[in-house]
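Worksheet for the structure shown next.
Each chain gets a letter, A, B and so on, in the order its sequence line appears, and its residues count up from 1. When reading the values below, keep in mind they use all heavy atoms of this one structure, side chains included, and skip hydrogens, waters and symmetry mates.
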Amino acid sequence: MSQATPDQALAQIKRLCSDLVTEDELRKRLEISAEKGERLRVKFGIDPTFTDVHLGHAVPIRLLRLFQDLGHLPILLLGDATARLGDPTGRNDQRPPLTQEEVEHNAATYLDQIGQILDLDPARCELRRNSEWFGEMDFFDALRLLGRGTVARLLERDDFRKRMDQNLPIHLHEMMYPLMQGWDSVMLEADVELGGNDQLFNLHMGRLLQEREGQRPQICLTTPLLLGTDGRKMSKTYGNHVPLNGEPADVYGKVMSLGDEPMADWFRLATGLEDAEIDAILAGHPREAKGRLAWEVVAGLQGAEVADAAATAFTNQFKHKQLPDDIPEVGLEQDTLALPQLLKGAGLCPSTSEARRMIQQGGVRIDGEVEKDLGRELSLPTEGEGILIQVGKRKFARVRRG
RNA sequence: GGGGAGAUACCGAAGUGGCCAAACGGGACGGACUGUAAAUCCGUUGGCUCAGCCUUCAGAGGUUCGAAUCCUCUUCUCCCCA
């Protein structure tokens, strides 16, 4: 058990919270836990429907970590059963159902990434899968569970409501999700369930079902949404996410491409810094603050050394306009070829049309010199480092024959 | 089972016989500037052997000199009624 008093713990938890149902219940349960020396069972579920976990997903995981540090028991629930049905959240389209193999693969990848934040030691964390109980359920059990919900109640859910308004499809099995998620809480006898901002409804369902089963209803905690680099909700579909397993340089760069306004949120939700320190940083120069933010994010995932290296590389490349250290080398089969073809062949542009645009807009450099001639023919050297080609500020390659 | 509405490029959304490779907004990309891959401004945003050509507006046919636009069938979605 940690040294924090229940009140201190509550304050730390609330700092990362958007909704808390209810604060009184949580306080009481923290007090009882402290008295009896019992760990609270804190559930967080994640459906292994795709492979990348991003910084937005990390917010509830950080909160889970906080509970762990406060001496409670995180229960990481892999929704392998729910994942196999397809995931209705996020986008308005349902995701295709996955095979068991895909689910297993995703689950393994998830654990790797989550392990960067949470201590997965079995003594400190319970790892469960909801196929444990859903795998055993027969159709009649399922119907009984479905009977616990009503259409009107389900339509209260924001996501469903919106789709109704936009005349978008809602599939029948999607109605199962809140119920399944709620049933997970029953089976796990959760004291607390965490989730993103959009999960509040599903979390409530857990309370409801637990009450009906004669359990103490869980406390629902949602974390604020971390916005993506473009200010919209962070999502892989928008391409505005920062993947937890991304290249350090890429993660660092993505954080640097953030606007100034969202920095405060990012500091609070994506780093482990204290409020006072964050305020001090934000009071300084925005450029320095963002650099610190990027450093903290990378360091939090990969450690201080990696973060230092990423910071140095970034400064060199963008402030001092130096070449990056690791420029990919590409070998092409032709002796000579026109510039647009070369850019495409080297993988610097997806099409020759795109390549031509880049050239015309002055975004292409050959050995450091801007080249605007579309018809420029280049002969590739067979030896040595090759021709240095640069497209925009971020794409580099050394090209030679091979 | 009946009636109605709809499917447009990465996303949202115009267009309803030629002036449409398709307005506009977002995103993305390039350039300038800078405090950074911030902000702002300018530009680009189907492909190609690129002043020309080729393939796109859910899919398949058809009408027409000419179709994203009209007709038929198919697939999918939404609404109303039963």
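- Taking the C1' atoms as reference points, C70(B) lies 26 Å from C54(B), given to the whole Å.
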Which letters describe nucleotides 29-39 of chain B, given B = protein heavy atom under 4.0 Å from base, S = only from sugar-phosphate, - = neither? SSS--BBBBS-
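- Among residues at least two apart or in separate chains, salt bridge (charged side-chain N to carboxylate O under 4.0 Å, His left out) pairs with a member in residues 178-196 of chain A are Arg29(A)-Asp191(A), Lys43(A)-Glu193(A), Asp191(A)-Arg216(A).
- When Watson-Crick and G-U wobble pairs are counted only if both distances are under 3.5 Å, G46(B) pairs with C54(B).
- Residue pairs that meet the salt bridge (charged side-chain N to carboxylate O under 4.0 Å, His left out) test with at least one member in residues 358-370 of chain A, sequence neighbours left out, do not exist here.
- A donor-acceptor contact under 3.5 Å links the side chain of Thr352(A) to the base of C50(B).
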Under 3.5 Å, which donor-acceptor pairs do the side chains of residues 9-20 of chain A form with other protein atoms, sequence neighbours left out?
unit_1: Lys14(A); atom_1: NZ; unit_2: Glu23(A); atom_2: OE1; d: 3.3
unit_1: Lys14(A); atom_1: NZ; unit_2: Glu23(A); atom_2: OE2; d: 3.1
unit_1: Arg15(A); atom_1: NE; unit_2: Asp275(A); atom_2: OD1; d: 2.8
unit_1: Arg15(A); atom_1: NE; unit_2: Asp275(A); atom_2: OD2; d: 3.0
unit_1: Arg15(A); atom_1: NH2; unit_2: Leu273(A); atom_2: O; d: 3.0
unit_1: Arg15(A); atom_1: NH2; unit_2: Asp275(A); atom_2: OD1; d: 3.0
unit_1: Asp19(A); atom_1: OD2; unit_2: Thr222(A); atom_2: OG1; d: 2.8

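- Across all strands, Gln341(A) comes closer than 4.0 Å only to sugar-phosphate atoms, never to a base (heavy-atom distances).
- In this view, Tyr252(A) and Phe314(A) satisfy the ring-ring contact (aromatic ring centres under 6.0 Å, His included) rule, not counting sequence neighbours.
- Screening residues 334-348 of chain A for salt bridge (charged side-chain N to carboxylate O under 4.0 Å, His left out), with sequence neighbours left out, gives Asp335(A)-Arg401(A).
- For the pair Lys372(A) NZ and U44(B) C1', the interatomic distance rounds to 13 Å; values are reported in whole Å.
- U75(B) and G61(B) have their C1' atoms separated by 15 Å, with the value rounded to a whole Å.
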